[in-house]
Asks: 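Questions regarding the structure given below will be posed in turn.
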Amino acid sequence: MTSTLPPPERAGLKRPRISARTLRTDRWWTPPLWTVLGLTAFLVYGLVRVLQQDHYWVADYGYLTPFYSPCLSASCAPGSAHLGTLPWEFPWFLPYALFSLPFLLLFRFTCYYYRKAYYRSFWQAPTACAVREPHGRYTGESRFPMIGQNLHRYFFYAAALIAVINTYDAALALFHGREGGFGIGLGNLILIGNVVLLWVYTLSCHSCRHVFGGRLNSFSGRPVRYWMWTQISRMNSRHMLWAWVTLGTLVIADLYVALVASGTITDPRIYN
Amino acid sequence: MTKRTFHVWRGGGEGGLAQYEVEVNEGEVVLDVLHRLQATQCPDLAVRWNCKAGKCGSCSVEINGRPRLACMARMSTFEPEESITVTPMRTFPVIRDLVCDVSFNYQKAREIPSFTPSPDSEPGDFRMQQEDVQRMQEFRKCIECFLCQDVCHVIRDHEENKEAFAGPRFLMRAAELEMHPEDTADRRKISQEEFGLGYCNITKCCTEVCPEQIHITDNALIPLKERVADRQYDPLVWLGSKIGLRKGADTPVPPNTRKRTSSPEQ
Amino acid sequence: MSETTRHSYDVVVIGAGGAGLRAAIEARQQGKKTAVISKSLFGKAHTVMAEGGAAAALGNVNSSDQWQVHFRDTIRGGKFMNNPRMAELHAKEAPQRILELEYWGALFDRTPDGRISQRNFGGHEYPRLAHVGDRTGLEMIRTLQQRVVQLQQADAAEFGDPEAMLRVFPETTVTELLLDGEPGAEGSRVSGAFAYIRETGDFLVFEAPAVILATGGIGRSFKVTSNSWEYTGDGHALALRAGATLLNMEFVQFHPTGMVWPPSVKGILVTESVRGDGGVLRNSEGRRFMFDYVPDVFRDQYAETEEEADGWYADPANHRRPPELLPRDEVARAINNEVKQGRGSPHGGVFLDVSTRLPAEEIMRRLPSMYHQFKELADVDITAGPMEVGPTCHYVMGGVEVDADTGASVVPGLFAAGEVAGGMHGSNRLGGNSLSDLLVFGRRSGLGAASYLDGLGEDRPGIDDAAVERLRAEAAAPFERETGENPYQLQQEIQQTMNDLVGIIRRGSEIEQALESLDKLRERVAGVRAEGDTIYNPGWHLTLDLRNMLLVSEAVARAALMREESRGGHTRDDFPAMSAEWRRVNLVASLREGGIRLRRRPLDPLRPDLMELFDREELGKYLTEEEMPPAPRSGGSETAKEDK
Ligand SMILES: Cc1cc2nc3c(=O)[nH]c(=O)nc-3n(C[C@H](O)[C@H](O)[C@H](O)COP(=O)(O)OP(=O)(O)OC[C@H]3O[C@@H](n4cnc5c(N)ncnc54)[C@H](O)[C@@H]3O)c2cc1C
Ligand code: SF4
Ligand code: SF4
Ligand code: FES
Ligand code: FES
């Protein structure tokens with residue numbers, strides 16, 4: 001800091017001494033509680049599934065769960081590794097989607113919405129508005145390591161690339177009909193729905209909004225970028241919604257693939 | 001007409017809540033009830049107000065723990081039996097009762113480099129389209145009620161951060177000027193290093209309380225963080241500045257503005 | 001006991017609204033050390049509440065607009081009682097002032113070619129109001145506030161202290177001007193101001209050879225008003241007590257549409273844009289009654305049938321205006337009459353309806369803050385049903401008598417600008433003309449004060465310590481009293497008296513009654529008591545405001561009693577007609593032996609070149625025979641022009 005002068009308020013005046021943590025009378029602690037439960041549930045589910053190293057591929061219909069895409073271990077089921085594999089078989093603790101998962105995790109970890117969600121719920125800074133937080137000191141994202149949150153845009157670029165791969169997976173699955181060639185089953189709809197929503201979530205990202213138009217100071221004379229910025233802004237205003245919806249669709253897509261792959265249910269076919 | 005129970009903060013920082021039974025009529029807001037208290041029970045009850053229509057941002061207080069404008073808090077939104085607690089803003093020192101010393105905010109306002117049009121331009125030269133000004137117009141709806149400054153945990157819960165952090169209202173002001181098509185200054189570096197943008201953890205309480213419904217976090221703070229990332233955390237920019245390619249200079253905090261604001265003489 | 005501190009400035013500006021800030025900026029730019037004093041926080045003055053816009057003949061939307069047209073509209077609106085020089089300067093300089101604001105960072109709404117957009121408003125021939133949605137006043141005050149900060153930053157760099165040349169004293173109330181000499185005496189001039197700090201109750205003495213009043217209006221003296229607690233007429237009263245004069249205080253504008261329900265928000269403004277955008281007024285019988293109230297002078301400019309009126313919104317060139325858009329005074333009187341005749345709405349107003357006129361989305365887009373205001377405060381959805389509205393005291397046209405070019409009052413060193421100054425708006429102000437007035441005359445008074453100072457040289461007036469001592473004692477007196485009335489009660493009585501007896505429709509006998517009541521109130525106010533201590537004590541503050549309210553109320557009532565005609569913001573039931581003879585008369589109020597004295601002074605005549613902007617027929621409705629320009633000879637107006 002450039003200055004060590006005292007705070008500007010008049011000497012002798014004090015802030016109101018209210019000992020209660022908050023005077024709020026509503027149930028302010030419910031939203032953070034739900035956030036903790038929701039995020040924990042997803043993480044536990046994801047961890048279990050990633051370490052399972054099984055039931056991720058439905059060879060008959062070409063369904064690949066997004067949790068294993070792109071599948072990179074030499075032990076990947078035949079046909080599931082659309083981009084080829086590395087020469088090694090991964091040990092039990094390495095996820096098959098070794099390259100994409102860390103980036104996706106970091107993308108969501110540094111996402112402006114998730115930051116809000118876990119700062120409030122896990123870190124309790126603050127638990128809810130106008131509720132005193134329990135920490136003695138606070139520097140937010142101004143110091144290492146939290147200053148790293150500013151790298152979000154690079155994870156956005158990576159996530160966009162991975163969304164392309166997921167799209168490719170979902171498209172490929174359309175050409176695994178029972179009789180060969182084009183075919184659609186419930187699984188396809190789920191995978192496609194998931195991919196579409198993933199795109200909506202990814203494109204509604206604040207970094208994306210910035211890159212496509214937000215960084216400009218003047219929109220006039222740049223109608224295409226203005227249009228893109230406007231559309232992204234519209235999606236962006238629901239970014240929180242997309243963040244939760246895509247957690248849901250990821251679980252649904254993965255669970256569906258797992259259930260079909262393990263033979264627990266069969267995939268209803270709509271066409272071929 | 002019914003009687004309601006009010007708990008109102010009386011005195012300075014060391015004061016406390018006093019209980020009042022007071023009449024409430026149909027259609028009234030909390031400010032009306034405070035005025036009735038003034039007229040009937042405690043003529044010296046201090047509360048700021050001007051417009052009574054949510055336009056001037058004078059009557060900021062905390063009602064049942066929530067930062068709000070007293071003139072826009074309708075009595076009918078409370079449960080019939082609920083008692084109502086009115087306290088001054090917690091983040092600022094209390095002068096008396098519900099009135100705070102908000103000079104912190106005026107001090108911060110003065111540290112932000114002003115609008116800087118190109119020296120070659122003159123009044124009447126600007127040609128800006130509606131889409132160019134729209135983004136900033138949202139921020140200029142701000143009535144300076146300072147409720148966002150009050151609720152922001154960075155300074156509400158950590159008074160020691162007041163020096164390093166300008167607060168959402170003034171980070172938004174920096175964002176506004178950065179987006180101005182005719183502005184030539186560059187406040188990105190000082191936004192991060194002097195005004196404490198990094199302290200904001202985008203938890204959106206400022207947005208939640210803003211009576212003008214300005215999307216402070218989504219439309220001002222996060223875009224400013226992205227602009228700062230352009231300037232500070234982009235490897236290409238970093239390389240460019242190392243080899244002297246980057247054009248434009250960082251605007252410094254205006255000299256000698258960082259000192260105690262004037263205060264009424266003792 | 002409270003402290004007294006002294007400050008020395010070149011110029012002290014009382015008031016931090018649009019006029020005050022613009023004056024201070026100008027004084028500072030002229031190199032004068034300037035202080036700005038305001039009763040509320042910096043940036044909260046009344047100007048923030050202005051909604052519609054600022055009138056300036058920029059010609060961005062209709063290029064036919066010129067200052068002459070704006071001038072003509074202003075004079076028509078004021079029923080030819082305006083100070084012509086002020087109206088001229090205002091019309092000429094408003095565009096520059098608006099562009100200057102833009103250059104300081106104001107963001108007005110835009111036209112498709114990137115200029116400042118302008119909107120239609122009552123009484124303005126062309127779209128003329130530069131605006132930002134419905135929060136133009138906020139934009140203006142914020143911009144001026146930020147300009148002050150910009151100048152302070154420059155001073156910080158140059159002098160090491162941001163407040164070296166321009167300092168704001170927020171929440172500080174001036175209770176009296178200081179004079180070198182006796183008020184009203186020959187050679188007496190302003191030497192400063194005496195104030196207290198609301199936060200602490202400490203006293204301040206400002207030594208300053210030039211003081212600019214920019215304290216706004218007097219609306220708090222009326223019960224139903226759109227004005228805030230600040231509008232206790234302080235500037236008017238300060239000027240009177242310093243020996244200056246007030247002009248035409250009988251002209252008080254009642255805005256036709258204020259909220260009437262719930263009681264706690266009665267008076268809060270419903271912007272004229274509601275009618276400008278298609279809203280219509282109906283009585284309890286569902287009739288658009290405004291068609292019955294078009295006065296003769298406006299007969300040929302306003303529609304006679306609903307079809308014709310409705311056509312105007314889309315095609316103004318081929319239709320006459322709907323009568324809802326008559327000048328404010330006409331509409332206010334009409335509503336008043338409907339209610340009196342028993343055709344009012346349940347809560348004593350009439351119905352203003354846009355819900356049947358525009359689709360809901362359109363209402364939300366054009367009138368967002370009105371939608372918000374009714375939803376939040378009255379639980380009425382204006383997209384689904386009508387609003388209830390009634391007249392509310394809004395603006396005072398009367399004010400300190402000033403020199404048009406410099407804002408100088410009759411007391412040397414005392415200047416006034418903005419709502420507190422008189423003359424500019426005649427008997428009725430057009431919407432949007434106030435915001436531009438603030439800028440034009442704010443700047444001019446700053447310039448005027450600067451050149452007055454340059455003329456003074458070393459001959460600066462001195463402060464009379466005995467006077468300071470007396471003022472201190474006076475201000476502290478309400479605390480010393482053992483008994484005395486509650487100030488809130490007294491304030492209510494003043495408001496009720498003015499509202500009922502000197503309100504929108506006046507009658508000689510009632511005004512006399514009001515004067516009697518005010519007289520009695522004066523004694524009670526002299527004994528009013530404050531409780532508690534001096535730290536931010538609104539009760540005490542009110543005790544000190546009361547005498548200003550009383551003095552100003554008396555000025556309004558006396559002038560209202562004397563002017564025996566009806567014009568603009570002054571309607572006499574017993575003298576319902578407009579009189580050409582009275583038009584030539586300015587009523588000038590001054591303070592003599594503790595009471596208001598009125599003097600008649602002739603109104604400045606219109607310059608012949610400005611007179612030419614009107615046709616003879618129109619002039620004939622306002623002017624006396626002898627004032628009329630010479631009749632054109634047979635050749636018509638062409639030759640008339642060549643004659644000169
Ligand atoms: C609801 C509403 C809507 C309006 N809409 C429009 C519109 O659309 N267009 C338009 O042109 N006009 C409009 N007006 C009118 C216009 O806003 C005012 O006339 C104008 O703002 C007055 O400005 P001012 O600078 O003279 O005074 P103000 O802005 O009222 O400022 C007065 C200042 O003087 C200070 N002051 C007063 N007394 C003292 C004292 N004793 N000591 C120290 N300081 C003191 C106050 O604190 C304040 O800072 C509207 C008015 C209202 C109420
Ligand atoms: S979003 Fe940032 S500025 Fe706003 S309240 Fe939260 S921490 Fe403060
Ligand atoms: S941004 Fe909103 S909450 Fe903050 S000061 Fe402005 S109006 Fe108040
Ligand atoms: S993904 Fe949420 S902000 Fe970028
Ligand atoms: S009094 Fe103006 S915002 Fe409440």
Side-chain angles (χ1 to χ4, degrees), chain A residues 1-18 20 22-26 112 115-116 119-120 123 125-126 128-133 135 137-143 146-147 149-153 206-207 209-211 214-215 217-220 226 230 233 236-237 239, chain B residues 9 12-15 62 64-67 85 87-88 90-95 101 103-104 107 128-129 131-132 151 153-154 157-159 161-164 179-181 194 196 198-205 208-209 218 222-223 225-230 232-233 253 258-261 263-264:
Chain A
M1 292 313 305
T2 51
S3 141
T4 50
L5 290 156
E9 279 114 13
R10 209 166 80 218
L13 291 183
K14 296 219 175 57
R15 313 211 292 178
R17 211 177 52 187
I18 300 172
T22 181
L23 295 174
R24 279 178 69 166
T25 51
D26 55 339
Y112 288 96
R115 271 145 79 182
K116 170 195 167 191
Y119 285 140
R120 278 205 188 189
W123 194 242
C129 302
V131 175
R132 189 183 300 141
E133 61 176 55
H135 308 280
R137 242 170 63 85
Y138 172 89
T139 54
E141 302 180 341
S142 64
R143 306 245 197 297
M146 293 324 265
I147 204 165
Q149 304 278 32
N150 286 300
L151 301 177
H152 178 59
R153 58 177 58 179
H206 282 279
S207 292
R209 185 179 181 219
H210 175 73
V211 172
R215 58 199 312 270
N217 284 351
S218 173
F219 288 125
S220 47
Y226 180 58
T230 316
S233 300
N236 177 269
S237 60
H239 192 58
Chain B
W9 185 268
E14 306 287 320
E62 300 190 6
N64 285 353
R66 284 174 170 269
T85 308
T87 48
R90 271 210 210 192
T91 303
F92 308 114
V94 198
I95 293 169
D101 177 356
S103 49
F104 167 78
Q107 167 63 34
M128 297 180 279
Q129 295 297 323
E131 65 255 29
D132 292 335
V151 81
H153 67 113
V154 178
D157 298 338
H158 302 278
E159 203 170 2
N161 285 340
K162 275 191 173 173
E163 205 182 309
M179 292 176 190
H180 199 302
E194 305 288 339
Y199 283 76
C200 164
N201 66 354
I202 52 171
T203 35
K204 287 202 179 176
C205 289
E208 264 179 45
V209 300
D218 282 348
I222 294 177
K225 281 193 177 236
E226 286 292 323
R227 281 170 186 249
V228 166
D230 280 348
Q232 306 269 91
Y233 309 109
V253 175
R258 285 217 152 171
K259 49 178 274 188
R260 279 186 58 144
T261 37
S263 51

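The sequence lines fix the lettering, A, B, ..., with proteins before strands; numbering per chain opens at 1.
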Asks: Which of parallel (below 30°), tilted (30 to 60°) and perpendicular (above 60°) describes A/Tyr138 and B/His153?
Replies: perpendicular
Asks: Output the distance between atom OG (A/Ser218) and atom CE (B/Met128), rounded to the nearest 0.5 Å.
Replies: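 The CE atom of B/Met128 is 9.5 Å from OG of A/Ser218, to the nearest 0.5 Å.
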Asks: Any heavy-atom pair between the side chains of A/Tyr112 and B/Asp218 that's under 4.5 Å?
Replies: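 No, too far: nothing below the 4.5 Å cut-off.
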Asks: Checking B/Asp157 side chain against A/Glu133 main chain: does a donor-acceptor pair fall under 3.5 Å?
Replies: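 Yes, the answer is positive, given that a donor and an acceptor are paired below the 3.5 Å cut-off.
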Asks: With respect to chain A, which residue among B/Pro223, B/Gly15, B/Cys205 yields the maximal number of heavy-atom pairs within a distance under 4.5 Å?
Replies: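 Option with the top pair count is B/Cys205.
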Asks: If I measure from the heavy atoms of chain A, does B/Thr203 come under 4.5 Å with its side chain, its backbone, both, or neither?
Replies: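 For B/Thr203, backbone and side chain are both near chain A.
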Asks: State, to 0.1 Å, how close B/Arg90 and A/Ala20 come at their nearest heavy-atom pair, and which atoms those are.
Replies: NH2-O, 3.1 Å
Asks: Please state whether the side chain, the backbone, both or neither of B/Asn64 comes within less than 4.5 Å of a heavy atom of chain A.
Replies: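 Answer is both: backbone and side chain atoms of B/Asn64 are under 4.5 Å from chain A.
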Asks: Is B/Lys225 close to A/Gln149 at the side-chain level, that is, under 4.5 Å between some pair of heavy atoms?
Replies: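 The answer is no; the side chains never approach within 4.5 Å.
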Asks: Does A/Arg215 CZ have over 12 foreign heavy atoms under 6.0 Å away?
Replies: no
Asks: Please answer whether the main-chain N or O of A/Gly214 pairs with a side-chain N or O of B/Arg227 as donor and acceptor at a distance below 3.5 Å.
Replies: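 Checked: pair present.
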Asks: Rounded to the nearest 0.5 Å, what separation is found between the OG1 atom of B/Thr87 and the CD1 atom of A/Ile18?
Replies: 4.5 Å
Asks: What closest approach, in Å, do B/Gly65 and A/Ala130 show between heavy atoms, and which atom pair accounts for it?
Replies: O-CB, 3.4 Å
Asks: Side chains of B/Asn201 and A/Met146: closer than 4.5 Å at any heavy-atom pair?
Replies: no
Asks: Measuring from atom NE2 of A/His206 to atom CD1 of B/Ile202, what distance do you get when rounded to the nearest 0.5 angstrom?
Replies: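 It comes to 7.5 Å.
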Asks: For B/Val94 and A/Leu13, work out which heavy atoms get closest and say how close.
Replies: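 The pair with the smallest heavy-atom distance is O-CD2, 3.4 Å.
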Asks: Within the distance-only criterion (no hydrogens, no angle test), does the side chain of A/Arg15 pair as donor or acceptor with the backbone N or O of B/Thr91 below 3.5 angstrom?
Replies: yes
Asks: Which one of B/Gln232, B/Gln129, B/Glu62, B/Glu208 has the most heavy-atom pairs closer than 4.5 Å to chain A?
Replies: B/Glu208
Asks: How many angstroms lie between atom CD1 of B/Ile222 and atom CZ of A/Arg115, to the nearest 0.5 angstrom?
Replies: 7.5 Å
Asks: Going from OG1 on B/Thr85 to CZ on A/Arg24, what distance comes out if it is rounded to the nearest 0.5 angstrom?
Replies: 14.0 Å
Asks: Just wondering, do B/Glu131 and A/Thr230 contact through their side chains at under 4.5 Å, heavy atoms?
Replies: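 A side-chain contact under 4.5 Å is absent here.
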Asks: Taking atom types as modelled, is there a side-chain donor on A/Ser207 or B/Glu226 under 3.5 Å from an acceptor on the other?
Replies: yes
